[in-house]
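Working notes, beginning with the structure itself.
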Amino acid sequence: MTERLLEVRDLRVRFATEDGVVRAVDGVSFELDRGKVLGIVGESGSGKSVTAMTLMGLTRGVNASFEGQVRYKGVDLLQVSDREMQHYRGKELGMIFQDPMTSLNPVYRIGEQIVEAIQAHEQIDKRAARARTIELLRQVGIPNPETRIDDFPHQFSGGMRQRAMIAMALSCNPSILIADEPTTALDVTIQAQIVELISRLKDDFDSAVIFITHDLGVIADIADDILVMYAGRIVERGTKRDVFYDPQHPYTWGLLGSIPRLDRPRPKRLHTIEGSPPSLINLPQGCTFRPRCAHAFDKCLEEPALENRVGTPGHLDRCWRDVDYKRERRDETIFGSGVEAA
């Protein structure tokens with residue numbers, strides 16, 4: 001039997017502001033088993049990072065409120081104190097943040113920061129912690145780790161800084177590794193290396209991964225299951241095969257259509273999703289994607305539930321259109337109507 005590490009049930013995160021209540025995460029539910037990779041995709045502002053940071057206990061504050069459950073190995077992390085959360089953060093759940101240059105302290109050497117993380121969770125002397133740090137840097141592909149351990153963050157390239165962040169996140173061998181857009185601002189070659197590295201380390205450390213990105217192309221090889229988020233909600237959920245080969249929500253079609261394809265004629269113009277994401281303070285009536293959706297109709301003024309409409313076990317979507325309509329119309333959105341020879 002696969003070990004169930006994490007169960008998130010109806011998670012809601014709200015922030016009180018002067019303009020109103022921001023519903024950053026609105027009823028998100030998912031599970032994560034050891035050895036699996038869960039991909040969470042969506043535009044900026046869809047609630048991906050807030051979901052991840054809430055799992056880590058990093059969104060707590062006087063203006064924040066939470067509902068639902070985040071059960072890690074049976075313990076609801078929303079109910080533990082800040083002091084107790086320090087035990088889980090880093091040791092049980094590690095996180096690779098989006099921008100390593102702002103996540104690493106510029107006035108401390110790379111090695112000192114990783115050693116500090118190790119000693120914060122384990123009774124180990126500094127010499128042993130340094131030896132482990134060197135080995136971690138070697139595992140993530142940093143050359144000459146015996147000397148690079150004493151470099152400052154500005155002496156590393158963007159890809160090397162991201163590798164150092166991965167080493168820090170793995171320093172206490174966490175059961176769950178959360179990667180929040182780890183390939184942002186990296187060129188495509190380094191992106192592929194980082195994705196391959198995370199996949200390999202997941203197997204080496206026998207952990208599970210939550211991989212957050214706005215690009216479905218990045219997680220095409222690494223994810224087992226995918227959540228598509230929009231305006232704080234899950235609009236589609238399924239296996240990688242479900243989402244890529246039988247996408248059911250028009251927003252998913254838009255994300256797929258924005259990926260350049262090498263296996264089809266070149267489109268005259270790369271597809272874009274019209275409009276902008278809605279305000280999380282004043283959400284549209286009914287389906288939150290309705291104002292941007294070319295397939296909206298009267299029923300969309302009512303809020304659709306996240307349900308299994310296609311019949312495939314575990315494949316859920318939040319769209320009123322019937323399955324036959326969606327299968328007939330989606331290719332035009334994903335692949336475009338006009339193409340030119342490659």
Side-chain angles (χ1 to χ4, degrees), residues 8-30 38-70 76-79 82 85 95 97-99 102 178 180-181 184 210 212-216 226-237 248-255 258 272-307 316-321:
V8 177
R9 289 285 173 264
D10 199 27
L11 177 64
R12 300 174 189 272
V13 183
R14 292 177 169 82
F15 300 103
T17 70
E18 293 181 354
D19 296 324
V21 176
V22 176
R23 289 171 281 183
V25 179
D26 198 6
V28 168
S29 299
F30 61 86
L38 174 68
I40 303 180
V41 298
E43 294 171 285
S44 296
S46 62
K48 311 183 303 296
S49 294
V50 174
T51 299
M53 295 180 72
T54 300
L55 302 183
M56 297 288 292
L58 298 176
T59 54
R60 300 182 179 189
V62 294
N63 67 330
S65 61
F66 307 93
E67 295 179 21
Q69 293 182 329
V70 177
D76 189 354
L77 298 182
L78 293 183
Q79 302 302 320
D82 290 342
M85 195 65 206
M95 187 164 182
F97 292 95
Q98 190 170 148
D99 184 1
T102 57
I178 302 172
D180 186 6
E181 303 213 29
T184 298
I210 298 176
I212 298 170
T213 181
H214 60 273
D215 186 351
L216 274 167
I226 296 176
L227 304 180
V228 181
M229 291 189 66
Y230 183 78
R233 301 172 181 174
I234 297 173
V235 295
E236 185 159 1
R237 169 183 175 178
Q248 293 297 307
H249 198 281
Y251 180 61
T252 309
W253 307 347
L255 294 178
S258 66
T272 59
I273 303 174
E274 297 294 333
S276 302
S279 164
L280 296 180
I281 297 175
N282 298 302
L283 290 170
Q285 178 183 350
C287 173
T288 54
F289 188 60
R290 175 180 53 82
R292 306 175 69 187
C293 183
H295 306 277
F297 66 121
D298 292 345
K299 185 73 171 176
C300 298
L301 290 171
E302 302 175 25
E303 182 179 345
L306 185 66
E307 295 178 348
L316 313 177
D317 71 89
R318 199 184 290 271
C319 179
W320 286 118
R321 287 291 187 181

Next on the checklist: side chain to side chain contact (heavy atoms under 4.5 Å, CB included) for Q69 and Q79? Distances and angles first, verdict last.
Outcome noted: CA-CA 9 Å; Q69 293 182 329; Q79 302 302 320; over 6 Å; no
Checklist entry - So F66 and T59, side chain to side chain contact (heavy atoms under 4.5 Å, CB included) or not? Walk me through it. => result CA-CA 10 Å; F66 307 93; T59 54; 3.3 Å; yes
Checklist entry - Run the side chain to side chain contact (heavy atoms under 4.5 Å, CB included) check on I210 and L55 step by step: do they pass? => result CA-CA 11 Å; I210 298 176; L55 302 183; 3.7 Å; yes
Item to check | Stepwise side chain to side chain contact (heavy atoms under 4.5 Å, CB included) test for L11 and L78 | outcome: CA-CA 10 Å; L11 177 64; L78 293 183; 3.9 Å; yes
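For the atom pair CG (L58) and CE (M95), the distance works out to 6.5 Å, reported to the nearest 0.5 Å. Taking CD1 of I234 as the start and CZ of F30 as the end, the distance is 7.5 Å to the nearest 0.5 Å. The distance from the CD atom of E43 to the CG atom of D215 is 12.5 Å, given to the nearest 0.5 Å. If you take CG on L280 and OG1 on T288, they are separated by 9.5 Å, rounding to the nearest 0.5 Å. To the nearest 0.5 Å, the span separating CE on M53 from CD1 on I178 amounts to 10.0 Å. Taken to the nearest 0.5 Å, the NZ atom of K48 stands 12.0 Å off from the CG atom of L227.
Heavy atoms only, all atoms of each residue included: V8 and V28 are closest at CG1-O, 3.5 Å. When all heavy atoms of G20 and I281 are compared, the closest pair comes out as CA-CG2, 4.0 Å. For the residue pair T213 and E181, the shortest heavy atom distance occurs at CA-CG, 3.9 Å. Across all their heavy atoms, S49 and Q98 have their closest contact at OG-NE2, 4.1 Å.
Inter-residue side-chain proximity for M85 and L77 is flagged as met; some heavy-atom pair is nearer than 4.5 Å. For the pair C319/P250, a side-chain contact is recorded, criterion being any heavy-atom separation below 4.5 Å from C-beta on. With contacts defined as side-chain heavy-atom distances shorter than 4.5 Å, the pair L283/R233 qualifies. In this structure, R14 and R23 have side chains that are in contact, with non-hydrogen atoms separated by less than 4.5 Å.
For D26 (side chain) and R12 (main-chain N/O), no donor-acceptor pair under 3.5 Å exists by modelled atom type. In this structure, R290 contributes its side chain and A296 its backbone to no donor-acceptor pair below 3.5 Å. Side-chain atoms of T54 come within 3.5 Å of backbone N or O of V50 as a donor-acceptor pair. Checking side-chain atoms of R318 against main-chain N and O of P304 turns up a donor-acceptor pair under 3.5 Å. Side-chain atoms of S29 come within 3.5 Å of backbone atoms of D10 as a donor-acceptor pair (strictly under, hydrogens ignored). Between the side chain of Q248 and the backbone N or O of E236 there is no donor-acceptor pair closer than 3.5 Å. Looking only at distances, a side-chain donor or acceptor of W320 sits under 3.5 Å from a matching main-chain atom of E302.
Taking the six-membered ring where the residue is Trp, Y230 and Y251 present tilted rings, their angle falling between 30° and 60°.
Around CG of D298, the count of heavy atoms belonging to other residues, nucleotides or ligands within 6.0 Å does not exceed 12.
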